[in-house]
Protein chains: 2
Amino acid sequence: MRVGVDVGGTKVLGVLIDEAAGGAPVVLGRIRLDSLPGAAGVTGQVVAAVQGLCSSAGVPVHQLSGVGVGIPGVVDPDRGTVSHAVNLGLVETIDLGGILAAELGVPVRLENDLNAAAVGAAALLGLARRDLVLLALGTGMAAGLLLDGRLRRGAGGAAGEIGHVTYRADGPLCACGQRGCLESFASGRALEAAWLGRPADAAERREGPAPAKVVAAAQDGEPWAVAVHETFVDAVATAVRVLVLTCDPEHVVLGGGVAGLGEALLGPVREALVRQTEDSPFLRSLRIPERLALVPPGSEPAAVGAALAVPHPEHQEVLWRS
Amino acid sequence: MRVGVDVGGTKVLGVLIDEAAGGAPVVLGRIRLDSLPGAAGVTGQVVAAVQGLCSSAGVPVHQLSGVGVGIPGVVDPDRGTVSHAVNLGLVETIDLGGILAAELGVPVRLENDLNAAAVGAAALLGLARRDLVLLALGTGMAAGLLLDGRLRRGAGGAAGEIGHVTYRADGPLCACGQRGCLESFASGRALEAAWLGRPADAAERREGPAPAKVVAAAQDGEPWAVAVHETFVDAVATAVRVLVLTCDPEHVVLGGGVAGLGEALLGPVREALVRQTEDSPFLRSLRIPERLALVPPGSEPAAVGAALAVPHPEHQEVLWRS
């Protein structure tokens with residue numbers, strides 16, 4: 001057995017998974033903790049997640065074949081270091097892999113969270129060809145690239161930074177300093193801002209997170225929400241189109257918190273892709289709408305992918321590497 | 001010795017190169033023939049190029065370790081087939097590799113011309129890390145991706161089709177059926193069209209191909225040319241920026257016919273990238289202008305790269321593959 005942990009800005013999500021190679025990974029247990037900031041906070045919560053999962057399953061920690069950790073920021077998997085994880089309060093480079101391995105007494109492997117999610121999504125969806133882009137619509141928008149079965153990490157820490165491709169040059173100022181970035185229109189933060197800025201006479205009765213509220217208001221035909229939703233969907237579809245016209249992945253899998261919308265996200269984005277490509281025989285030939293998929297609802301792709309990144313105890317190689 | 005042949009819509013370019021692995025490839029001879037359409041035309045001109053090079057160097061064809069052919073269209077290097085090479089009059093799938101091997105009596109390897117150019121550019125520039133996008137500004141705009149030392153061919157024949165990313169949604173109709181594609185503003189065809197559509201009072205005295213004429217007119221301050229040139233440069237810089245924010249290559253190398261402009265292309269595009277990134281600390285941190293390079297002037301990257309794709313006679317592996 002092995003554990004995968006997805007360390008996010010608000011929550012730490014752990015899964016205990018079965019060792020068996022091949023086939024879809026079997027999740028034996030799940031845990032969710034609040035995130036705590038800084039090196040001590042991150043380390044402590046990962047350790048707590050591992051101990052909680054093992055305790056709950058009656059498995060001693062030292063019997064795990066390893067622990068994989070998916071974490072935002074610039075990760076060097078070979079050295080086990082992470083830096084620039086600003087949302088976690090980790091600005092300096094820290095040897096998180098080494099610290100965790102010493103505390104837990106088992107092998108620990110670090111991976112960027114989006115890369116881990118791409119690996120996890122391929123496994124959870126049982127894709128025959130591990131060639132996909134995981135387009136994460138979370139607080140922001142970014143992608144993990146698993147191309148020809150290998151993670152494309154990039155030369156300068158920018159691989160998959162599709163959220164900062166310009167969508168409308170006259171759009172709002174992005175935190176990155178540019179104007180009109182895709183993620184200013186197509187992200188959890190964008191929908192949250194639209195919900196907070198809704199007209200005074202907007203219906204107030206809805207429950208759930210901001211994306212669900214905006215979608216519900218759009219479905220009810222409230223004009224402000226219809227406009228926000230149309231732009232949101234068009235921007236997501238644009239991101240998909242740009243990813244296909246550059247990296248040409250077999251699959252584009254929508255993930256991140258906003259993907260919790262499920263079919264209410266997938267359906268409209270697919271329709272927008274049909275609209276965006278129908279006038280072009282060339283784009284039609286690329287069958288972009290058919291490449292679109294969703295991470296399985298309620299699944300933990302980043303935690304599962306992180307677990308899969310741990311070398312297998314018998315054949316001593318990373319399960320998902322070619 | 002080996003031969004590489006770059007089959008284009010107007011010309012067939014061959015190089016005879018030295019076998020020595022490691023270091024920059026040494027070009028011992030060059031040949032240029034007009035293209036002829038259809039399977040018979042393409043086959044005949046490749047054979048003629050190989051025979052011409054060998055005859056000129058006093059080397060029997062059967063002593064070549066192999067011939068590499070870079071060709072537009074959808075290429076299956078393992079099967080030696082090519083299809084959809086519309087500009088060459090090859091619509092059906094043909095076993096060009098098999099036909100040529102039978103005619104020449106030596107191993108033949110086919111590669112997509114942009115992929116071959118990416119491999120050739122890495123070799124000609126002597127890049128320590130073979131991680132680059134070759135952004136070809138030819139008749140159209142498209143890219144070859146050599147990422148982590150491996151060609152990224154893509155799942156559906158769309159890898160590197162950056163020329164069909166939208167630049168201005170209200171722009172002119174592209175041959176692909178979309179409006180305002182990057183290549184409608186940043187390609188040889190775009191500059192040719194601008195030159196043909198120049199105002200009646202534009203200066204007529206200039207020599208050379210359309211891109212050079214437009215640049216010269218812009219340098220002379222002719223307003224129509226200044227406007228065309230500014231948009232052209234901005235669109236090339238946009239393509240570079242999108243490639244970095246998706247694939248994150250260590251280098252973006254400008255190639256294709258328009259790259260014959262040399263520093264008159266590289267300088268303005270680099271300046272545009274500085275302008276496009278200076279307001280964003282994030283983009284500045286990616287050092288995009290520093291990633292930019294030009295194929296060596298007068299070199300034949302696609303022909304050289306095709307030659308390098310032929311398996312080495314001794315260690316029997318493709319020289320540039322990891």
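Every chain is numbered from 1 and lettered A, B, ... according to where its sequence line falls, protein lines coming before strand lines.
A heavy-atom distance below 4.5 Å is found between the side chains of B:Leu283 and A:Gln178. Here the side chains of B:Leu286 and A:Glu161 are not in contact, with every heavy-atom distance at 4.5 Å or above. The side-chain heavy atoms of A:Arg152 and B:Arg152, taken from C-beta on, include no pair separated by under 4.5 Å.
In terms of modelled atom types and a separation under 3.5 Å, the side chain of A:Asp248 and the main chain of B:Gly156 share a donor-acceptor contact. Checked by atom type and distance alone, the side chain of A:Ser280 pairs as donor or acceptor with a backbone atom of B:Cys176 at under 3.5 Å.
No other option in B:Glu250, B:Gln276, B:Arg284, B:Glu278 has as many heavy-atom pairs under 4.5 Å with chain A as B:Glu250. Each of A:Val165, A:Thr246, A:Leu145, A:Val133 has some count of heavy-atom pairs under 4.5 Å with chain B, and the biggest count is that of A:Thr246. Between chain A and the residues B:Ala158, B:Cys174, B:Ala143, B:Gly160, the most heavy-atom pairs under 4.5 angstrom are made by B:Ala158.
Across all their heavy atoms, B:Pro249 and A:Ala155 have their closest contact at C-CB, 3.8 Å. Nearest heavy atom pair, residue B:Gly177 against residue A:Pro281, reads CA-CD, 4.4 Å.
With a threshold of 4.5 angstrom between heavy atoms, A:Asp131 approaches chain B through side-chain atoms but not through N, CA, C or O. Residue contact with chain B, scored on non-hydrogen atoms closer than 4.5 Å, involves the side chain of A:Arg291 exclusively. Heavy atoms closer than 4.5 Å to chain A are found in the side chain of B:Arg129, but not in its backbone.
Summarising the geometry, atom SG belonging to B:Cys247 is positioned 7.5 Å from atom CG belonging to A:Leu147; distances are rounded to the nearest 0.5 Å.
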Exercise for the section: Could you walk me through whether A:Thr166 and B:Arg241 pass side-chain contact (heavy atoms from CB on, under 4.5 Å), step by step? Expected result: CA-CA 10 Å; A:Thr166 308; B:Arg241 196 159 37 90; 3.2 Å; yes
